[in-house]
Amino acid sequence: MIQAAVDFNIDNIRKQFPILQQEINGYPLAYFDNAATSQKPKAVIEKITDYYQGYNANIHRGIHTLAEKATTEFESAREKVRDFINATEKEEIIFTKGVTEGINLIAQSLSGSIGKGDEIIVSGIEHHSNMVPWQNLAEHTGAVIRIIPFFDNGELDLNGYREFLSEKTKLVTINHASNALGTINPVREIIEDAHKVNAWVLVDGAQAGSHLDIDVQAIDADFYVLSGHKMYGPTGVGVLYGKREILEDIPPYQFGGEMIRNVTYEKTTYNDIPYKFEAGTPNIAGVIGLGATCDFINGIGKENIRKWEDDLLQYAHQSLASLKGIKFYGTSENKVAVVSFLIDGIHPFDVGQMLDARGVAVRTGHHCTEPIMTRFGIDGTIRASFAVYNT
């Protein structure tokens with residue numbers, strides 16, 4: 001039996017998610033595809049609706065009442081995110097459309113600081129979005145990519161990682177938790193080692209936002225990225241955190257309105273951070289909704305969420321392990337609530353279809369981590385990933 005945490009009422013939590021109150025193919029919806037995207041509580045949906053119905057206006061430009069309210073709500077969300085990840089100041093919080101854009105922003109902005117023969121270390125369990133941009137950067141600059149190997153249980157080979165570190169290392173990029181295997185990486189230790197050779201470190205927090213405590217100062221990350229839609233928030237909005245001194249030093253990668261200070265026919269000077277990296281009209285409703293997301297998660301408490309999800313993970317793993325023909329992928333003891341597995345003799349796509357026929361949503365395939373699947377000699381897995389509203 002799954003034991004609820006103190007002050008944790010699963011029935012009340014589930015009632016906050018309208019989409020869960022439905023049947024799929026005549027069965028109650030069991031949504032286990034949270035690593036792809038999570039569902040949205042009423043508080044987030046209503047906050048977005050309130051913006052469009054009550055004070056829809058552009059931000060930072062107008063002096064009329066609606067514009068001022070929209071700007072206040074937008075910047076309030078920036079402060080909520082700052083607190084959520086414990087950044088030093090809200091100016092270190094840049095709004096993007098998601099983790100993918102945040103990583104591409106940094107890859108492009110660092111292109112003038114990374115050259116031929118420099119090395120970029122990428123973990124072997126990354127999502128494509130934290131691998132392809134660095135491969136592209138290496139192709140254009142002559143830099144070299146080093147891949148941190150990983151063990152059969154999905155944990156990184158930290159000794160292998162340390163052997164790569166040298167004066168040639170310019171950047172190390174890792175996920176906080178793997179979307180395909182669930183592995184939680186020892187990011188503080190990895191960052192500490194990288195800083196010994198004066199390398200920057202970017203942490204992909206896409207799978208950490210709703211599951212793990214995030215303290216960018218404690219882990220000393222140079223960059224940290226989040227996607228709102230994986231942490232009960234809107235799609236199309238994300239966060240890039242960067243240390244002030246680095247953000248001030250690197251150039252922007254998009255140009256247009258808002259990111260400028262002065263423009264003449266001859267020359268443009270750029271705005272201060274964070275606006276320097278926020279060209280054009282942002283996803284205002286999404287950012288405001290993201291602020292409500294932080295409130296929602298804080299209201300339940302990360303500790304309560306983690307306890308509930310850990311119990312779900314153990315229950316799912318033990319239940320599946322009692323069946324014949326199950327093979328698990330990603331068996332680290334330190335995991336977020338992700339179970340990847342295969343069933344002997346049955347293609348994962350067929351399993352996904354059969355489960356959907358009974359109202360159960362899982363993800364099948366390589367989960368945008370094709371190199372991981374190649375390493376295991378498989379085409380993909382069945383992945384069940386859990387959230388605070390699952391039972």
**Asked** When clusters are formed from ILVMFWY side-chain contacts under 4.5 Å, directly or step by step, what else is grouped with Val336?
**Response** Ile184, Leu212, Val338
**Complete:** Interatomic distance, OH@Tyr241 vs CG@Asp222, rounded to 0.5 Å, equals 7.5 Å
**Request:** Look at the side-chain heavy atoms of Ile, Leu, Val, Met, Phe, Trp and Tyr, link any pair under 4.5 Å apart, and say whether Leu312 and Leu20 land in one connected group.
**Result:** yes
**Prompt:** Could Lys15 and Asp11 be called an ion pair, given the rule that one side-chain N must be under 4.0 Å from one carboxylate O?
**Reply:** no
**Prompt:** Got a sec, which residues hit salt bridge (charged side-chain N to carboxylate O under 4.0 Å, His left out) with Asp33, two or more places apart in sequence or on another chain?
**Reply:** Arg363, Arg383
**Working for side chain to side chain donor-acceptor pair (under 3.5 Å), residues His229 and Ser38** = CA-CA 6 Å; His229 74 99; Ser38 57; over 6 Å; no
**Asked** Can a salt bridge be assigned to the pair Asp295 and Lys80 using a cut-off of 4.0 Å between side-chain N and carboxylate O?
**Response** yes
**Request:** Decide whether Val201 and Val197 are clustered together by the hydrophobic rule: side chain heavy atoms of Ile, Leu, Val, Met, Phe, Trp, Tyr closer than 4.5 Å, transitively.
**Result:** yes
**Item:** Exercise: do Asn390 and Tyr31 side chains pair donor with acceptor under 3.5 Å
**Value:** no
**Item:** Residue list, side chain to side chain contact (heavy atoms under 4.5 Å, CB included) with Arg358, at least two apart or on another chain
**Value:** Tyr27, Met354
**Request:** Just grab all the ring-ring contact (aromatic ring centres under 6.0 Å, His included) pairs involving residues 282-301, residues at least two apart or on different chains.
**Result:** Phe17-Phe296, Tyr232-Phe296
**Request:** Could you list who else is in Ile45's hydrophobic cluster, with ILVMFWY side chains joined at under 4.5 Å, directly or through other members?
**Result:** none
**Prompt:** Side chains of Asn58 and Ile284: closer than 4.5 Å at any heavy-atom pair?
**Reply:** yes
**Request:** Group every Ile, Leu, Val, Met, Phe, Trp and Tyr by side-chain heavy-atom contacts under 4.5 Å, then state whether Met131 and Tyr224 land in the same group.
**Result:** no
**Lys97, NZ: over 12 other non-hydrogen atoms inside 6.0 angstrom** = no
**Asked** Can you tell me if CG on Leu323 sees more than 12 non-hydrogen neighbours from other groups inside 6.0 Å?
**Response** yes
**Prompt:** Does atom CD of Gln21 have more than 12 heavy-atom neighbours from other groups under 6.0 Å away?
**Reply:** yes
**Asked** Have Thr183 and Glu155 got a donor and an acceptor in their side chains that come within less than 3.5 Å?
**Response** no
**Message:** Treating Thr364 as the side-chain partner and Gly352 as the backbone partner, does any N or O pair qualify as donor plus acceptor under 3.5 Å?
**Reply:** no
**Request:** Answer yes when Lys276 and Asp272 have at least one side-chain N-carboxylate O distance shorter than 4.0 Å, and no when they do not.
**Result:** no
**Item:** Residue pair Glu101 / Tyr253, side-chain donor-acceptor N/O under 3.5 Å
**Value:** yes
**Prompt:** In the hydrophobic cluster built from side-chain contacts under 4.5 Å, what are the other members alongside Phe349?
**Reply:** none
**Request:** Establish whether Val203 and Ile106 are linked, either directly or via other cluster members, by ILVMFWY side-chain heavy-atom contacts under 4.5 Å.
**Result:** no
**Request:** Please list all pairs passing the ring-ring contact (aromatic ring centres under 6.0 Å, His included) test where one or both residues lie in residues 270-290, with sequence neighbours left out.
**Result:** His60-Tyr275, Phe255-Tyr270
**Salt bridge Lys47-Asp50, side-chain N to carboxylate O under 4.0 Å** = no
**Fill in**
residues 91-143 vs ring-ring contact (aromatic ring centres under 6.0 Å, His included), sequence neighbours excluded, gives Phe74-Phe95, His128-His366
**Asked** Between His211 and Glu309, is any side-chain donor less than 3.5 angstrom from a side-chain acceptor?
**Response** yes
**Between Ser385 and Asn34: side-chain donor-acceptor atoms closer than 3.5 Å** = no
**Prompt:** What residues form a salt bridge (charged side-chain N to carboxylate O under 4.0 Å, His left out) with Glu278, not counting sequence neighbours?
**Reply:** Arg78
**Request:** For the residue pair Asn86 and Asp215, confirm or rule out a side-chain donor-acceptor distance under 3.5 Å.
**Result:** yes
**Prompt:** If you measure from CD1 on Ile85 to CD1 on Ile93, what distance do you get to the nearest 0.5 Å?
**Reply:** 3.5 Å
**Non-hydrogen side-chain atoms of Thr88 and Val216 separated by less than 4.5 Å** = no
**Asked** Can you find a side-chain donor-acceptor pair between Ser123 and Glu126 that sits under 3.5 Å?
**Response** yes
**Contacts of type ring pair (Phe, Tyr, Trp, His ring centres under 6.0 Å), residue Tyr161, not counting sequence neighbours** = none
**Test salt bridge (charged side-chain N to carboxylate O under 4.0 Å, His left out) applied to Glu79 - qualifying residues, sequence neighbours left out** = Arg82
**Side-chain heavy atoms of Leu165 within contact of Val172, under 4.5 Å** = yes
**Asked** Any salt bridge between Lys69 and Glu73, counting N to O under 4.0 Å?
**Response** yes
**Asked** Among side-chain atoms of His347 and Asp379, is any donor-acceptor pair under 3.5 angstrom?
**Response** no
**Item:** side chain to side chain donor-acceptor pair (under 3.5 Å) against Thr173, all qualifying residues, sequence neighbours excluded
**Value:** Asn130
**Request:** Output yes when Glu248 and Arg244 qualify as a salt bridge under the 4.0 Å nitrogen-oxygen rule, no when they do not.
**Result:** yes
**Asked** Going from CD1 on Ile260 to OG1 on Thr269, what distance comes out if it is rounded to the nearest 0.5 angstrom?
**Response** 7.5 Å
**Item:** Nearest atoms (heavy-atom pairs only) where Thr293 meets Gly233
**Value:** OG1-CA, 3.1 Å
